[in-house]
Participant: 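Before I ask anything, let me first share the structure, which is written out below as structure tokens.
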Amino acid sequence: MTSIFHLANSMRHTSHQDVRAWVHAAGDRSSFLAAAIDHRPAAEFLIDASLVVQEAAITPSPRLKALSRQADRPTLVAIARLLLEISPPPWLPFAVDGQVRYEFIPWSDLQGLAWLRPELDQLLVDTACELLQHSDSVALGLGRAAELTVFAALDNLHASPVHVSEISDRFGYDIETVRGSARRWEVKGCTKKTSGSFHLSRNEFEKCKRYPDEWRLVQVVFSPGALTADFLTRSHILAIRELFSGELIDLAPSETGTFYWETSARISPQESAWVPSLLKAPSDFRLPSIDKLGQQALQMRSMSQKDQQQTSARATFSSP
């Protein structure tokens with residue numbers, strides 16, 4: 001927390017052209033502790049989380065700049081809250097269920113958090129609640145960002161893409177094109193941490209089997225900083241890769257008396273099954289934040305559900 005404060009404070013009145021100058025300025029503060037800390041790991045974290053932007057100069061986000069005035073306890077606690085929100089520990093959902101269950105928190109982590117008492121319990125409860133509320137929105141936001149990325153890449157190739165998932169989720173894929181060997185694109189969005197697996201609906205799998213030569217799954221891997229960035233650019237895309245239909249069909253077991261598909265399944269391909277995609281986002285690619293895209297996706301899903309309910313109601317009342 002102290003390192004992040006000094007890094008933020010060093011940008012308050014002075015601009016720095018590069019990370020080296022910024023880190024040096026943070027260590028050149030008046031306090032002995034500032035000079036004794038290696039600030040580079042914290043600096044790299046802030047850049048990765050998009051709390052700091054590298055442009056013509058090192059620039060803090062408004063959220064970070066607001067925490068750079070004075071290194072008092074409220075400021076340090078606020079920085080801790082921000083970092084827990086951006087990079088929550090993996091044990092958080094298990095350790096907090098209305099109250100904090102310390103037996104699920106690793107001892108080393110608990111020791112590191114001890115300075116936050118007596119605010120610690122409420123801080124963890126609040127963060128867990130926010131994480132639960134935003135998890136669906138974030139997942140939808142990543143999915144929509146990935147679809148818009150692939151759509152832009154296909155449009156840049158003059159493949160005449162149609163975003164069919166915005167019409168209906170019954171297609172079994174998200175984007176359709178009229179050119180190229182792959183014409184039915186199922187798109188998955190993720191971060192590097194969650195790229196090892198994805199959920200596939202039964203309808204998507206059925207379309208994969210029906211159109212094996214045309215159907216393609218494409219995964220867009222975003223950097224962790226994409227989750228908190230005010231807007232997305234090509235720099236937030238770590239990779240775009242594809243999975244051929246044959247690989248996917250081989251992964252899924254055949255339906256038997258002991259196994260059958262329901263709504264969806266979680267698929268975890270071998271790393272070697274993925275193929276780097278030729279799709280590239282345009283150089284001027286720019287999207288709203290993941291949060292805004294998630295809200296858009298929630299609204300679209302709500303409207304789609306209302307339309308389905310209205311269609312079902314009309315069919316009921318018109319039946320003899």
Side-chain angles (χ1 to χ4, degrees), residues 3-5 7-8 10-12 15-19 22-23 39-68 78-89 92 127 130-153 156 187-195 218-241 277 279-300:
S3 179
I4 288 175
F5 170 78
L7 286 164
S10 70
M11 295 182 286
R12 188 166 185 82
S15 62
H16 307 290
Q17 300 304 310
D18 54 38
V19 175
W22 174 37
V23 169
H39 296 286
R40 181 167 285 275
E44 292 174 350
F45 173 84
L46 292 174
I47 293 171
D48 192 42
S50 292
L51 289 170
V52 168
V53 179
Q54 288 182 280
E55 293 178 338
I58 302 293
T59 307
S61 69
R63 297 180 73 185
L64 183 62
K65 189 174 182 179
L67 301 173
S68 65
I79 292 175
R81 182 185 295 274
L82 175 62
L83 298 189
L84 281 170
E85 174 190 333
I86 291 172
S87 184
L92 187 63
T127 304
E130 291 172 4
L131 181 65
L132 182 63
Q133 291 169 2
H134 292 299
S135 59
D136 194 26
S137 177
V138 168
L140 289 172
L142 280 171
R144 181 155 177 76
E147 290 180 27
L148 293 174
T149 298
V150 172
F151 185 93
N156 198 45
V187 183
K188 303 295 181 182
C190 63
T191 62
K192 186 176 181 179
K193 186 177 180 179
T194 60
S195 62
V218 57
Q219 184 186 61
V220 182
V221 185
F222 292 96
S223 67
L227 300 178
T228 56
D230 294 330
F231 55 86
L232 303 180
T233 66
R234 195 164 66 170
S235 66
H236 292 104
I237 301 171
L238 294 180
I240 302 178
R241 57 187 190 170
S277 179
L279 298 177
K280 306 292 181 185
S283 57
D284 59 350
F285 179 73
R286 184 182 174 102
L287 292 176
S289 67
I290 292 293
D291 182 60
K292 289 181 179 178
L293 291 172
Q295 294 302 318
Q296 288 179 11
L298 284 171
Q299 292 174 0
M300 292 170 63

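None of these values were measured; they are calculated from a predicted model. Values reported hereafter were calculated over all heavy atoms of this structure, with side chains retained and with hydrogens, waters and symmetry mates removed. For this chain, numbers begin at 1 and follow the sequence in order.
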Participant: Between atom CG of Leu51 and atom CD1 of Ile86, what is the distance when rounded to the nearest 0.5 Å?
Facilitator: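 So the gap between those two atoms works out to 3.5 Å.
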Participant: With sequence neighbours excluded, what pairs up with Phe285 under the ring-ring contact (aromatic ring centres under 6.0 Å, His included) test?
Facilitator: none
Participant: Could you pull out all residues at least two apart from Ser289 that satisfy side-chain contact (heavy atoms from CB on, under 4.5 Å)?
Facilitator: Asp291, Lys292
Participant: Keeping the roles fixed (side chain from Ser277, backbone from Ile240), state whether a donor-acceptor pair exists under 3.5 Å.
Facilitator: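 Absent.
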Participant: Where do Thr149 and Phe222 come nearest, in terms of heavy atoms and distance?
Facilitator: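 So the two residues come closest at OG1-CZ, 3.9 Å.
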Participant: Pick out which of Ile79, Leu46, Thr59, Leu7 makes a side-chain contact (heavy atoms from CB on, under 4.5 Å) with Leu64.
Facilitator: Leu46
Participant: For Thr233, what residues pass the side-chain hydrogen bond (donor to acceptor under 3.5 Å, both in side chains) criterion, not counting sequence neighbours?
Facilitator: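 Only Ser235 meet the side-chain hydrogen bond (donor to acceptor under 3.5 Å, both in side chains) criterion with Thr233.
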Participant: Give me the atom names and distance for the closest heavy-atom approach of Gly189 to Ala146.
Facilitator: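 The pair with the smallest heavy-atom distance is CA-CB, 3.5 Å.
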Participant: Minimum heavy-atom separation for Ala57 and Gln17, please, with both atom names.
Facilitator: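 Heavy-atom minimum between the residues: CB-NE2, 4.3 Å.
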Participant: How close do Met11 and His16 get, counting heavy atoms only, and between which atoms?
Facilitator: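 Minimum heavy-atom contact is CG-CD2, 4.1 Å.
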Participant: Quick check for you: to the nearest 0.5 Å, what is the distance between Leu287 atom CG and Leu148 atom CG?
Facilitator: 5.5 Å
Participant: Please identify each residue that fulfils side-chain contact (heavy atoms from CB on, under 4.5 Å) with Ser195, with sequence neighbours left out.
Facilitator: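 Listed in chain order: Cys190, Gln219, Val221, Arg241.
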Participant: Kindly indicate whether the side chain of Lys192, heavy atoms from C-beta on, has any atom under 4.5 Å from the side chain of Pro224.
Facilitator: no
Participant: The criterion is salt bridge (charged side-chain N to carboxylate O under 4.0 Å, His left out); which residues satisfy it with Arg286, sequence neighbours excluded?
Facilitator: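 Per chain and number, Arg286 pairs via salt bridge (charged side-chain N to carboxylate O under 4.0 Å, His left out) with no residue.
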Participant: Minimum heavy-atom separation for Pro288 and Leu232, please, with both atom names.
Facilitator: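 So the minimum-distance heavy-atom pair works out to O-CG, 3.6 Å.
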Participant: Tell me every residue that passes side-chain contact (heavy atoms from CB on, under 4.5 Å) with Pro41, counting only those two or more places apart in sequence or in another chain.
Facilitator: Asp38
Participant: Nearest 0.5 angstrom please: Ser10 OG to Ile58 CD1, how far?
Facilitator: 9.5 Å
Participant: To the nearest 0.5 Å, how far apart are CG in Asp230 and CD1 in Ile290?
Facilitator: 12.0 Å
Participant: Output the distance between atom NE2 (His39) and atom CD (Glu44), rounded to the nearest 0.5 Å.
Facilitator: 13.5 Å
Participant: Could you grab the distance from atom CG of Leu227 to atom CG of Leu142, nearest 0.5 Å is fine?
Facilitator: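 Separation between the atoms: 5.5 Å.
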Participant: Which atom pair, heavy atoms only, marks the closest approach of Ser50 to Ser61?
Facilitator: O-CB, 4.3 Å
